[in-house]
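Below is one structure, written out as C-alpha cells; comments come after it.
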Amino acid sequence: MRFDRYTVTLLTLRPDAPVMTDDEAAALQDRHLAHGADLQERGLILARGPLTEQDDERYRGFSIWSVDAATARAHVEADPAVLAGRLAVDVMTWMMPAGNLRFAKVRPPRSIAEASED
C-alpha cells in the first residue's frame, strides 16, 4: 500500500506564557492569523484551525502542511505567537493511505474580525 506523508503541527499554550491585556492578546492573535494565512495562501499549509472542546485546554491549533517537518518547523517557529512565548509547537509526520485526503483552496482569515464574520 502507498502512503501520503503530511507534516502536522500542534500548537499548545505554554505554561509560562506571558500575561497580556485583552488588547495585546487580540493584536498578537491577529498577527498569528495573518502569518498562518500567508503560509496557507502560498500552499505550504493545506489546512489549519483552532481546537475547541478538547480534553486538554492547552491544545490551541492544528495544521496540516505540504512540506517536510524541518521546513514546517522553521515556518511555525517564526509565528508571532510562538516568538512571543505564548505558544509552543510539536511537529510530526502523519501518514495516510495515498489519495485518502483532498484539500481545497479556501481564503483563510487574516484577523479575529475576519474569523468572526458570518
State, to 0.1 Å, how close Ala69 and Thr7 come at their nearest heavy-atom pair, and which atoms those are.
-> N-OG1, 3.2 Å

Check: Ser111 side chain, Asp30 main-chain N or O, donor-acceptor pair, under 3.5 Å = no

What's the spacing between Leu39 CG and Ile45 CD1 if we round to 0.5 Å?
-> 4.5 Å

Taking the side chain from His35 and the backbone from His75, do they hold a donor-acceptor pair closer than 3.5 Å?
-> yes

Quick one: closest heavy-atom pair of Trp94 and Met96, and the distance?
-> CZ2-SD, 3.3 Å

Any Val91 side-chain heavy atom under 4.5 Å of Trp65 side chain | no

Side chain of Gln54, backbone of Tyr59: donor and acceptor closer than 3.5 Å?
-> yes

For the side chain of Glu24 and the backbone of Thr21, is there at least one donor-acceptor N/O pair under 3.5 Å apart?
-> yes

Residues, nucleotides or ligands: over 12 heavy atoms within 6.0 Å of Asn100 CG | yes

With distance as the sole test, does Asp90 use its side chain to make a donor-acceptor pair with the main-chain N or O of Thr9 at under 3.5 Å?
-> no

Would a 4.5 Å heavy-atom cut-off, applied to side chains only, mark Leu28 and Arg86 as touching?
-> yes

Distance col, row Leu33:CG vs Ile112:CD1, nearest 0.5 angstrom, shows 6.5 Å

What is the ring orientation for Phe103 with Tyr6, classed by angle as parallel under 30°, tilted 30 to 60°, or perpendicular over 60°?
-> perpendicular

Distance in Å, Gln29 CD paired with Asp22 CG, rounded so as to fall on 0.5 Å steps = 12.5 Å

Sidechain-backbone polar pair: Thr71 side chain, Val67 backbone, donor-acceptor under 3.5 Å = no

Could you state the interatomic distance from CG (Leu51) to CD (Glu57), rounded to the nearest 0.5 Å?
-> 10.0 Å

Is there a side-chain contact between Pro50 and Arg60 (heavy atoms, below 4.5 Å)?
-> no

Considering all heavy atoms of both residues, which atom of Pro18 and which atom of Gly85 are nearest to each other, and what is their separation?
-> CD-O, 3.4 Å

Ser63 side chain to Arg48 main-chain N or O, any donor-acceptor pair under 3.5 Å?
-> no

Check each of Arg110, Arg107, Lys105 against Glu41 using the salt bridge (Lys or Arg N to Asp or Glu O under 4.0 Å) test, and report the only one that passes.
-> Arg110

His32 and Asp79: which non-hydrogen atoms are nearest, and at how many Å?
-> ND1-OD2, 2.7 Å

What pair of heavy atoms forms the shortest contact from Val82 to Leu11, and how long is it?
-> CG2-CD2, 4.2 Å

Does Leu44 offer a backbone N or O that forms a donor-acceptor pair with the side chain of Ser66 under 3.5 Å?
-> yes

